[in-house]
Amino acid sequence: MRGLIVRRLFHMVITLFFVSLVVFFMVRLRGDPISVMAPPTFSEEQIANLRAAWGFDRPLVEQYVLFITRAVTGDFGQSIQARRPAMELVLERLGNTWLLASAAALLGVVIALPLGIVSAVRRNSLLDLVSSAFASLGNAMPNFWLGLMLIIIFSVNLRILPAFGALEPAAIIMPAVTLAVGTAARLSRMTRSAILEVLNQDYIRTAYSKGVSQRVVLYQHALRNALIPIVTVFGLQLGWLLGGSVIVESVFSWPGLGRLMIESINVRDITVVQAGLLWFSLSFLLINFVIDLLYVYLDPRIHYR
Amino acid sequence: MNVTPRSRSAIVMFLLLISFVLMVQPLVAQDEVTEFVFAHSGPIRTMDAPVTWFGSTHWLTNGLYDCLIWRAADGNGYVGQAAERWENVDDVTWRFYLREGLTFQNGEVLDADAVKWNIDRVRTREDFLVYPQWQFIDEVTVIDPLTVEITTKTPYPYFEYDVSFNGCQILPPDYLTEVGEEEFARTPIGSGPYRLVEFTESDRYVFEAWDGYWAGPPAVDRVIYQVIPEQSAQVAALLAGQVDMIAAVPAPDRDLVSGTEGLSLLTETSNRMTSLYLRVETETGSVAATYPDFVPATLDNNVRLAISHAIDRDLLAEIQGSAHARLARVCDYYPEGSVSDLADPEFISSWYNPDLARQLLAEAGYADGTGPTVYLDAPNFQFGNEREVAEVLSVMLAEVGFTVELNTLDTSAYSEQIVSGGNNRDIMMTTLGCSPSLVPSFYRCAWVQSNYNVCVEEWDALGGEIAQTVDPTARLELWEQWWATYLDYAQTITLYEIDSVIGFNSAEFEWTPRKDGWFTFRDLRPAG
């Protein structure tokens, strides 16, 4: 196990290095931020002076070396707009994004697992049909539209939930539901098909023939063996929730990293964009890392060489 | 105790219900202080206002910091803030007399030394975006603790305008030096009527009335700036009663907002002018490298004039959604923007003359309705229906004989590639502020912008003369000549001035929008 952890951590470092390369050069593809940062009243000479003051006149390779050597110590430079460390801004928001993604993931699982299991056990029943319709709807509904509908119903008409921000615990309800619907839809379909596949296995028939109750068969034998594909999809969904929260954070004005990224991209605050994207990548890699470890726990037959 | 599955479910449901009620409960809790929430799209990125150019940041920090003087809300002159009075000693010297006993919110004294420290800071720090604006100052001299003198390099008629513009905020020198700029951006201290008590960067800023303000505490206890990026979410928050004002109500929602009890629409100029900028040379920007053999039709003055006369500005303003037609690039509440007939609606309407446009094209060598091909770049959406405006504009030009290649881009891409990137071929449509102190400088030979350079010797000299003529009457006469060249040369063809349509909680508050389009709340009061 220790070897697995060391190898995975090493892979993460290598991946992050390549991500840093891509992030650094991609954000500069459309020129340096000074062109957007400078007001239209600036002359070319003043723009050149500003560019030099921020070090954007240096060769790109030199800028990258400076960036990466500082980044490994956690220093991503100063935000061009906020004049505060970019990392500080990112960390201020990262917690909110994780909170929202976790709440949505939890909600998604709470909805999806029972729904998927019941759909599998009662295949082709009315409940299965309803579950299938929910999955199609959940997949098809754009989350910005669903978010706005929830605001209109619960904030404008019923006036029971806050329309924006993260000022009170209730503020997380609508953004989390908005994000969870898609996750629940996908996860419930995956749960259904995984359970169905397991239910057709010989050892399930054997268990039934030995007189084991349906509840025990379902939860102790079928679900555990169906968990690998479900956990895989869940891991991907959690990554999607982190990235997908960008739009939902804007609709609900949730002060998360996604919103910070959009604003920073718009004003070309590239130090913040770089720090934020690397944190997104690191979060995604950590999720995959945990999923890999979970595989071993869920199925002891799995060995990583 | 034997708990059945049904009872267990009931208990879980009950606990969930209790949790939900507890979470929702704070919504109905009443606060006794008067609290005003202003929602806008942002961004706000720093509390150290002088370093930035973002208007939204300056709106936000307006209550936190005092300047020496400040622009009157109706656009008519200036009012004293830290300065009780001021005088123009001679053509290049201005003397300010500070109020007695001024302090910052932490007790630090606001005196002439503090004023000098702040002005020297903005005029010497090249990494500040406001730096160029302050280069007209030669020296700041402390006469005594309550008197400070500012000397300009040349006679400068727009001194008061610029000294009360971005970068004018007076920050506490000792505190800022002690904690450093990075910490100051987190814990700013000012001398204005509001203290910043809580904030999340670019999200929510809570200000509370400061009892120690020289004019007494403001009428509203708490002012909150809430960033809500999505316009539709802003409208929903206003309708839900969770915010008290939004800066721009989209056209489709205006009836809904005005029809809601307690809400009203306020309309005022936004200090933004939309114009077409025509290429009169091919050296500036990246256009020469991108289209090396391209010769813009707009190099011909008659072609440019034909474009100017082919446009029905009233119709374009209507299509934009909230705007009024204009010919001059300076807003009409400044005397400079309304000299002669420039702001007269009839004169503006009469400028639309398709027959004259055809005649001018014929004089330029394009007879029989076969005009040149022109390339028009426009943003999809900036302040309203820019894409629709550009489409109708293309049709207007086509009607007099032009062939128009229209290129619309998303706003940020447009700004990077066309406006700042200098990659415009013929015509770019964009929206800029309408400052009378800056506009003439854009048409000086030495002022090379990223996209174009305009150099007409006589016009250049006129611009220089305006910039040094302190006497307002003589200066307005020069402006009259300046505008005549502006219209005849037609490098910039102004279309309309954008109006702000504000959604406001008039049941609980009273507020009059400022003429300069700034959203500041020193004058906000509870209704009645």
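Predicted, not measured: the structure shown is a model, and the values here were computed from it. Residue numbers start from 1 in every chain, and the chains themselves are labelled A, B, ... in the order their sequence lines are given, proteins ahead of strands.
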Determine whether more than 12 heavy atoms belonging to other residues, nucleotides or ligands lie under 6.0 Å from atom OH of Tyr219(A).
no
Atom CD of Glu62(A) with >12 non-hydrogen neighbours under 6.0 angstrom:
yes
So which part of Ser264(A) gets closer than 4.5 Å to some heavy atom of chain B, the side chain, the backbone, both or neither?
both
Checking the side chain of Gln242(B) only, and the main-chain atoms of Ala163(A) only, is there a donor and an acceptor separated by less than 3.5 Å?
yes
Sole candidate of Asn157(A), Val156(A), Ile152(A) that passes side chain to side chain contact (heavy atoms under 4.5 Å, CB included) when paired with Leu239(B)
Val156(A)
How long is the span from the [atom1] atom in [X] to the [atom2] atom in [Y], to the nearest 0.5 Å?
X         : Y         : atom1 : atom2 : answer
Ser253(A) : Gln234(B) : OG    : CD    : 8.0 Å
Glu181(B) : Gln78(A)  : CD    : CD    : 8.5 Å
Phe144(A) : Ser232(B) : CZ    : OG    : 9.0 Å
Phe164(A) : Glu230(B) : CZ    : CD    : 14.5 Å
Arg186(B) : Arg83(A)  : CZ    : CZ    : 14.5 Å
Leu167(A) : Gln226(B) : CG    : CD    : 6.5 Å

Looking at chain B, which one of Glu92(A), Arg259(A), Glu88(A) has the largest number of heavy-atom pairs inside 4.5 Å, strictly under?
Arg259(A)
Top contributor to chain B interface from Leu148(A), Asn49(A), Leu260(A), Ile151(A) [non-hydrogen pairs under 4.5 Å]:
Leu148(A)
Relative to chain A, which of Ser441(B), Ala185(B), Gly433(B), Ala240(B) shows the most heavy atom pairs under 4.5 Å?
Ala240(B)
Below 4.5 Å, heavy atoms only, C-beta onward: do Glu182(B) and Pro85(A) meet side chain to side chain?
yes
Salt-bridge contact Arg93(A)-Asp203(B) (side-chain N to carboxylate O under 4.0 Å)
no
